Amino acid sequence: TMLRIALIPLVLFLMWEGTPKSNFWAAILYIGTALTDLIDGYLARKWGQISVLGKFLDPLADKLLVMSTLIFLAYLGRLPFLGVVAVIIMLGRELAITALRTIAMSEGVVMAAMRTGKDKTALQMTAILMLVVHNRYVVNFGFYQTEFDFAQVGLLLLYLSLALALLSAGEYFKLFVDAVDAKDERLTQATT
């Protein structure tokens, strides 16, 4: 987790150079940081090394990687106006869900990650990867040659991940309200 956080500035530095070669290496490093997340989670569960600090730092590292990369993509001008708006909405959503989870914890309510939220994260990370690569490449299939525009595909995936982000935010809000209502009902029944 700490390695993932430490690698974020290097990913951003490589993106800042903006050459096809540096974009490629930024993408490779970005994939590496995402893979360390999977490996870290797998090893923690396998060895029973799940800690409160890990539960806090792991999602924080993920959010730092995703949000810093998205903000830097906007800063570099790799996103059109609607892409920047999508990033702002995503930032707001992440802050709102984090606040909601904090309130839920203070109420003794556990809000587990939901499938839509996990799908959003996977789509978002794929979109960011495409946007980091950024360039167009000619793909040759022997008898057929076409141009693949990583930036356009990444932008499309970013918009799709925004739709999932909004959908999952609604689901989390409903889960929160239902859990708090159920807790209040249990307390009311216990006191009567």
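Computed from a predicted structure; not experimentally measured.
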message = The criterion is ring pair (Phe, Tyr, Trp, His ring centres under 6.0 Å); which residues satisfy it with F176, sequence neighbours excluded?
response = none
ask   = Any sub-3.5 Å donor-acceptor pair from R78's side-chain atoms to L73's backbone N or O?
value = no
key: Same apolar cluster (I L V M F W Y, side chains within < 4.5 Å links), L29/W16   = yes
ask   = Under a single-linkage definition using a 4.5 Å side-chain heavy-atom cutoff for Ile, Leu, Val, Met, Phe, Trp and Tyr, are V85 and L76 assigned to the same hydrophobic cluster?
value = yes
message = With a 4.5 Å cut-off on side-chain heavy-atom distances among I, L, V, M, F, W and Y, is there a chain of contacts connecting F24 to V138?
response = no
key: Qualifying residue for side chain to side chain contact (heavy atoms under 4.5 Å, CB included) with L162, from L158, L166, L160   = L166
ask   = When you look at CZ of F148, are more than 12 heavy atoms from neighbouring residues, nucleotides or ligands closer to it than 6.0 Å?
value = yes
Residue pair R115 / S168, side-chain donor-acceptor N/O under 3.5 Å = no
task = Treat each ILVMFWY residue as a node, draw an edge where side-chain heavy atoms are under 4.5 Å apart, and state whether L95 and L64 are in one component.
result = no
ask   = Do L91 and Y75 sit in the same hydrophobic cluster, where Ile, Leu, Val, Met, Phe, Trp and Tyr count as joined when their side-chain heavy atoms come under 4.5 Å apart?
value = yes
task = Evaluate whether atom OH of Y159 has more than 12 neighbouring non-hydrogen atoms of other residues, nucleotides or ligands under 6.0 angstrom away.
result = yes
inquiry  = Any non-hydrogen side-chain atom of L65 less than 4.5 Å from a side-chain atom of M125?
reply    = yes
Close aromatic pair by centroid cut-off 6.0 Å: F143 and F141 = no
query = Do you see a donor-acceptor pair shorter than 3.5 Å between the side chains of T36 and T33?
reply = no
task = Assess whether atom OH of Y137 is packed by more than 12 heavy atoms of other residues, nucleotides or ligands within 6.0 Å.
result = yes
query = Under a 4.5 Å cut-off applied to non-hydrogen side-chain atoms, are M130 and F150 in contact?
reply = yes
ask   = Do the non-hydrogen side-chain atoms of D62 and R4 ever get within less than 4.5 Å of each other?
value = yes
query = Any side-chain heavy atom of F72 within less than 4.5 Å of one from M67?
reply = no
ask   = Quick one: does P20's side chain get under 4.5 Å of H134's, heavy atoms only?
value = no
